[in-house]
Every structure is written in C-alpha cells, then in structure tokens.
*Asks:* 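Before I ask anything, here is the structure I am working with.
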Protein chains: 2
Amino acid sequence: MEMTSAQPVTVGFRPLYRQVKDEFVKRMVDGVWPAGFLLPSEGQLAQEVGVSQGTVRKALDELAGENLLVRQQGRGTFVAQHDEKRILFQFFKLVPDDGIARFPESVVLEASTFPATETEREQLGLGPGTRVARVRRMRAIDDVPMIIETLSLPDAMFPGVTDGPVPNSLYAFYAERYGVTIAHAREKLKAITLNAEDAAILRKPPGHPALMVQRLALSLEAKPVEWRVSLCLTDDAHYLSFMR
Amino acid sequence: MEMTSAQPVTVGFRPLYRQVKDEFVKRMVDGVWPAGFLLPSEGQLAQEVGVSQGTVRKALDELAGENLLVRQQGRGTFVAQHDEKRILFQFFKLVPDDGIARFPESVVLEASTFPATETEREQLGLGPGTRVARVRRMRAIDDVPMIIETLSLPDAMFPGVTDGPVPNSLYAFYAERYGVTIAHAREKLKAITLNAEDAAILRKPPGHPALMVQRLALSLEAKPVEWRVSLCLTDDAHYLSFMR
DNA sequence: CAGTGGTCTAGACCACTTT
DNA sequence: AAGTGGTCTAGACCACTGA
C-alpha cells in the first residue's frame with residue numbers, strides 16, 4: 001500500500017484575498033482601524049501583507065460591498081462610520097409616505113439593568129442569570145409619535161450604558177464608547193394591535209394596528225449584540241424593502 | 001479666442017465593462033439568451049465582443065451579483081431562472097415562525113380584465129383608459145390560509161393572461177409565455193386590521209391585524225410590470241429582512 | 001481528460017482629488 | 001504635479017465538473 005501518496009485533501013483551501021479580508025476585519029475589530037480611519041493606499045497595503053495590489057483590491061472591494069469600508073476615487077479608502085446618512089440608508093427602513101426619509105428624535109421612557117428574560121438570553125446568546133441593560137423610548141418624526149422601541153444589551157459588553165443620558169444615535173455611541181461596531185442586522189416583522197398602554201403613548205386608540213419589528217443587530221465578528229423590539233405606526237409611513 | 005481647444009468634457013465616459021454588461025442584458029431582454037441558457041465561455045465572449053477576458057468577467061460578475069446570472073465553477077454561466085428556490089430566496093419574504101421557508105399553494109378567487117384604477121395607472125406607468133388584468137387569490141401554507149393577494153398587470157403586455165388557468169408560480173409563467181423577466185421588486189409594508197370579507201377568507205375575526213405588502217415588480221429593463229397587494233397573516237409567520 | 005470559472009499577479013493607463 | 005482609486009489587459013495556475 002502506498003503510504004506517501006496522500007489524497008488531495010482540499011479541506012483547508014482559503015483564497016488569499018479572503019485571508020487578507022479577514023486580516024483587515026481584525027484590524028477594525030481590534031480598533032487599529034477605527035471608524036472614519038483613512039487606510040493606507042492599496043499599494044502600501046499590498047507590500048505590507050505581501051500580496052499583489054490586485055488581491056488587496058479584491059479584499060477592499062468586498063468589504064466596501066458589505067458597507068464596512070467606503071472608497072472614494074482620488075481620496076482614499078475609509079472605515080465606514082455610523083453617521084446619520086448611513087443609518088438612514090442601511091438600518092432605518094421606516095419611511096414617511098411622502099417618500100422622504102427622516103431621522104426620528106427620541107424620548108427615553110426607561111433605562112436600567114435587569115436580569116435577562118429567556119427571549120433576551122436566547123437572542124443574544126447569554127447564559128442564565130446574565131444581566132442586560134434595557135432602554136425603552138418613544139421616537140417621533142416631525143414631532144409626531146411614531147415608534148415605541150425597547151432595546152436590550154448584554155450588560156457585560158456595555159457596562160454603565162444606562163447610567164448617563166442615552167444618545168439618539170446609538171450605533172455611533174456603541175462604536176465610540178465601547179468599540180463595538182454594528183455591521184449587519186436581521187429584522188422580523190409582524191402586524192399587531194396596540195394594547196392600552198402603548199396606544200396611549202402613541203396617541204392612538206387601543207386595538208389600533210401597528211408594525212412590530214424585532215431586530216437582532218450583529219457586530220463585525222457576527223456576534224449578536226443588540227436586541228430591539230419596535231412598535232411602529234404605519235398610518236402615514238411604511239417599511240420599505242428592496243429586492244435586488 | 002481659441003476655437004479648437006474644447007474643454008475636457010467627461011460627459012460620455014462609460015467603462016467598457018458596463019457597455020459589455022448592457023449588451024448582455026440586451027441579449028436577455030431580446031430573448032437571445034432565454035432563462036436557463038448556458039452562456040458561451042468567458043474566452044469566447046471576450047473574443048466575440050472584442051475585449052479582454054477580464055473585462056467580460058467583471059461584467060458577468062456584476063450580473064451574477066444582481067441575480068440575473070448564475071455562475072457555477074466547472075460548469076459555466078447560466079441565465080437565472082424563476083425556479084421555486086430562487087423565488088423563495090429572492091422574492092418571498094414571509095417565513096413561518098419555525099424558520100423553514102415554504103412555497104404557498106394558491107386558490108384563484110377572481111381573474112379578469114378591468115379599466116385600470118388611478119393607483120394601478122400610477123404604479124404601472126399607464127395612461128388613462130388603459131386596461132389591466134387583475135387576479136385575486138388566496139394562498140395557504142400547509143393548508144392554512146395565510147395570504148390574500150391581488151395583482152394587476154398591464155393588459156397590453158400580458159394579453160389573455162386571465163383567459164386560461166393562472167399557474168401558482170407566476171414569474172416563471174411571465175418569462176415563458178410573455179418573455180417578461182422580473183428582475184427586481186420594491187415592497188412597502190403597513191400594518192392594518194382585516195375587514196369582514198377578507199377576515200372570513202382567512203378564517204379570522206374582523207379587526208384581526210395583518211400585514212399589507214404592496215409590491216411593484218420591475219422587469220430587466222427596469223420598467224414596472226406587476227402591481228401586487230398582499231394581506232398576510234403574521235400570527236404564525238413573519239416577514240424577514242436582512243441588512244447587510 | 002478537456003473545459004469551465006476562480007484566483008493571483010504585474011503593469012499600463014485613466015479619472016478624480018488635493019496640494 | 002503627485003497621489004489615490006478605477007479600468008483594462010495578458011498570462012499563469014488552481015479547483016471543479018462532466019465525459
């Protein structure tokens with residue numbers, strides 16, 4: 001029996017540009033390349049990691065396609081930031097019926113830490129007995145109440161997040177204060193009718209229909225980081241979804 | 001005054017690979033490359049249109065990214081088809097809460113042509129007095145009624161579509177019988193409560209909440225082709241949306 | 001085995017931005 | 001003018017498929 005001829009095990013194959021991509025993601029995760037950072041030029045990066053410029057380019061192009069980098073011809077390549085424009089474009093799908101997307105203001109109703117519920121533990125991948133920070137707030141567009149939002153964060157990952165004031169733009173805050181970047185999210189939608197308490201906050205009668213949006217936000221490392229349940233009025237707005 | 005020195009008008013600049021891409025889309029629109037068609041190899045195409053293989057590749061890659069082509073290593077590149085798998089993945093976002101996507105069956109309630117309403121004319125870009133074919137059907141998953149769907153098609157583009165039986169899988173039917181390929185779609189979602197008639201069909205009490213999905217489907221040429229309003233029960237299912 | 005798409009490289013030139 | 005990303009090319013080799 002021939003011992004030396006190993007079978008062609010294709011098991012560990014991983015394209016160079018993907019390895020390069022992983023390295024770049026790691027730099028973002030580790031904070032070496034923070035939000036807004038101007039990357040070295042393609043040529044420099046290629047020399048640095050020891051591959052051709054074309055391979056670096058393919059890695060950067062894919063990261064730009066995932067909205068993690070922003071490329072600007074003549075200027076350079078930047079780490080994406082959670083500015084208002086990006087959030088409106090990438091994460092906020094509720095649009096007034098006039099078609100002009102606007103950023104909602106917020107009024108915090110409650111912010112404190114609690115023992116995680118079973119749903120929170122399941123969604124965020126937490127063990128029993130873990131604590132979460134929970135924020136409940138009302139959001140309005142043009143001073144018209146539109147959304148009641150309850151969000152849960154692993155307390156260990158966001159220590160003291162409910163101690164101070166909670167800013168309106170949370171994803172920029174997570175990045176700046178905790179070094180946690182929200183990269184992607186999954187939303188599940190259901191139609192419900194409002195109970196008396198929620199209806200009062202949104203100035204509608206009990207039993208009024210609303211859109212319930214359950215969002216799980218994932219970090220750069222694809223770990224679940226935030227669980228958010230929103231009740232949205234869709235009388236004068238709609239949730240917009242494109243299928244490419 | 002110097003008449004010969006024109007300013008450097010960058011007006012007509014269009015990358016080669018985009019022109020190649022346009023040419024390939026045209027071949028699909030014209031039916032030269034029908035659904036499921038196996039394209040010539042990259043090398044042949046490059047020679048045919050007179051560019052390098054790399055340029056053809058970039059065009060094909062973008063088209064694959066838009067789900068208009070499917071590439072398979074070792075096999076070749078194919079024109080995308082509206083098979084059940086693609087529709088489930090790309091166009092059908094209502095998923096049972098168990099997380100296992102399934103294709104719904106249909107029962108046609110009504111199918112005929114009518115003068116287009118103002119909404120239909122506006123959405124489909126039709127002139128006054130135009131006729132539309134309208135189909136109303138109930139859709140069920142695992143024999144449980146889930147959706148009431150009303151769809152409108154320009155009669156001129158789909159002549160006689162309501163004369164025969166209406167198949168369950170419409171997008172494959174549009175492609176095969178009318179040479180119309182649905183490429184993309186836009187959906188607007190609202191929460192509503194069911195009226196007595198719709199509630200009876202879905203076996204729920206009047207006033208029960210439901211998700212209203214208004215879909216405008218676009219052809220390869222980016223023209224609006226189908227207007228579809230669906231009322232979906234979300235008691236045991238949800239609309240799933242990813243944000244990349 | 002031949003043929004396909006997938007990866008990787010190297011180099012040239014173009015368009016855009018900033019100095 | 002210098003530096004950036006964007007396009008285009010040509011050629012080599014790899015991984016996958018099917019005969």
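Naming: A, B, ... by sequence-line order, numbering from 1 per chain. Computed from a predicted structure; not experimentally measured.
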*Asks:* When you measure from the side chain of B/P15, which nucleotide among D/dA15, D/dT7, C/dT7 comes out closest?
*Replies:*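 Looking only at heavy atoms from C-beta outward on B/P15, the closest nucleotide is D/dT7.
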*Asks:* If you check the A/Q73 side chain, which of C/dC16, C/dT7, D/dT9 turns out closest?
*Replies:*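 Nearest nucleotide to the side chain: C/dC16.
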*Asks:* Quick check: any donor-acceptor pair below 3.5 Å linking the side-chain of A/R75 to the base of D/dG5?
*Replies:*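 No pair found.
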*Asks:* If I take atom CG in residue A/L45 and atom C1' in nucleotide D/dT4, what distance separates them, rounded to the nearest angstrom?
*Replies:*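 Nearest whole value for this atom pair: 12 Å.
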*Asks:* Apply side chain to side chain donor-acceptor pair (under 3.5 Å) to the pair B/Q44 and B/S41, showing each step before the final yes or no.
*Replies:* CA-CA 5 Å; B/Q44 284 174 281; B/S41 72; 3.3 Å; yes
*Asks:* Would one find a side-chain N or O of A/T77 under 4.0 angstrom from OP1 or OP2 of D/dG5?
*Replies:*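 Yes.
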*Asks:* Among the candidates C/dT4, C/dA15, D/dA15, find the nucleotide nearest to the side-chain atoms of B/Q44.
*Replies:*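 Out of C/dT4, C/dA15, D/dA15, the nucleotide with an atom closest to B/Q44's side chain is C/dT4.
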*Asks:* In this structure, how many angstroms lie between the P atom of C/dC8 and the NZ atom of A/K21, rounded?
*Replies:*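 That distance rounds to 13 Å.
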*Asks:* Taking the minimum atom-to-atom distance to the side chain of B/L16, which one of D/dT9, C/dA15, D/dG5 wins?
*Replies:*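 Shortest atom-to-atom distance from the side chain points to D/dT9.
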*Asks:* Whether the side chain of B/R57 and the base of C/dG6 hold a donor-acceptor pair under 3.5 Å is what I'd like checked.
*Replies:*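 A donor-acceptor contact between them is present.
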*Asks:* Using atom CZ of A/R14 as one end and atom C1' of D/dA15 as the other, report the distance to the nearest whole Å.
*Replies:*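 It is 16 Å, rounded to the nearest whole Å.
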*Asks:* Find the distance between NZ (A/K223) and CG (A/L124) and round it off to the nearest 0.5 Å.
*Replies:*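 Reported to 0.5 Å precision, the distance equals 11.5 Å.
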*Asks:* Can you check whether A/F92 reaches A/F103 side chain to side chain, under 4.5 Å on heavy atoms?
*Replies:*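 The answer is no, as the side chains (C-beta and beyond) never meet within the 4.5 Å cut-off.
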*Asks:* With under 30° as parallel and over 60° as perpendicular, where do the rings of A/F91 and A/H82 fit, or are they tilted in between?
*Replies:*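 Judged by the thresholds at 30° and 60°, the geometry between A/F91 and A/H82 is tilted.
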*Asks:* Can A/E187 and A/Y239 be counted as having a side-chain donor-acceptor contact under 3.5 angstrom?
*Replies:*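 Yes, A/Y239 and A/E187 have a side-chain donor paired with an acceptor closer than 3.5 Å.
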*Asks:* Expressed as a whole number of angstroms, how long is the span from A/L60:CG to D/dT4:P?
*Replies:*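 Atom CG in A/L60 sits about 13 Å away from atom P in D/dT4.
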*Asks:* To the nearest angstrom, how far is B/Q47 atom CD from D/dG11 atom C1'?
*Replies:*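 B/Q47 atom CD is separated from D/dG11 atom C1' by 16 Å.
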*Asks:* For A/R18 and B/L39, take the nucleotide of DNA chain C holding the closest heavy atom to each; which residue's nucleotide lies nearer the 5' end?
*Replies:*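 The residue mapped nearer the 5' terminus is B/L39.
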*Asks:* Whole-Å distance between C/dG6 P and B/Q72 CD?
*Replies:*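 Atom CD in B/Q72 sits about 10 Å away from atom P in C/dG6.
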*Asks:* Starting at the 5' end of DNA chain C, which residue's closest nucleotide do you reach first, A/Q19 or A/G74?
*Replies:*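 Result: A/Q19.
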*Asks:* Starting at atom CD of B/E42, determine the distance to atom P of D/dA10, rounded to an integer number of angstrom.
*Replies:*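 For the pair B/E42 CD and D/dA10 P, the rounded distance is 15 Å.
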*Asks:* Of all the choices, D/dA15, D/dG6, C/dC8, which nucleotide is nearest to the side chain of A/R71 once you look at every atom?
*Replies:*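 Minimum distance to the A/R71 side chain belongs to D/dG6.
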*Asks:* Starting from C1' on C/dT4, measure out to CG on B/D61 and report it in whole angstrom.
*Replies:*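 B/D61 atom CG is separated from C/dT4 atom C1' by 14 Å.
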*Asks:* Inspect the contact between B/E62 and B/R18 and indicate whether a charged nitrogen and a carboxylate oxygen are less than 4.0 angstrom apart.
*Replies:*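 Looking at B/R18 and B/E62, the cut-off is met.
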*Asks:* Give one of base, sugar-phosphate or nothing for B/Q53, where a contact means two heavy atoms less than 4.0 Å apart.
*Replies:*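 If one applies the 4.0 Å heavy-atom cut-off, B/Q53 turns out to touch nothing in the nucleic acid.
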*Asks:* Any side-chain N or O of B/K58 under 4.0 Å from OP1/OP2 of D/dC8?
*Replies:*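 No, because none of the side-chain N or O atoms of B/K58 sits under 4.0 Å from OP1 or OP2 of D/dC8.
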*Asks:* Measure from the side-chain heavy atoms of A/S52 and tell me the nearest of D/dC8, C/dA10, C/dG6.
*Replies:*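 So the nucleotide nearest the side chain must be C/dA10.
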*Asks:* Do the side-chain N or O atoms of B/T55 get closer than 4.0 angstrom to the phosphate oxygens (OP1, OP2) of D/dT7?
*Replies:*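 So the side-chain polar atoms of B/T55 never come under 4.0 Å of the phosphate oxygens OP1 or OP2 of D/dT7.
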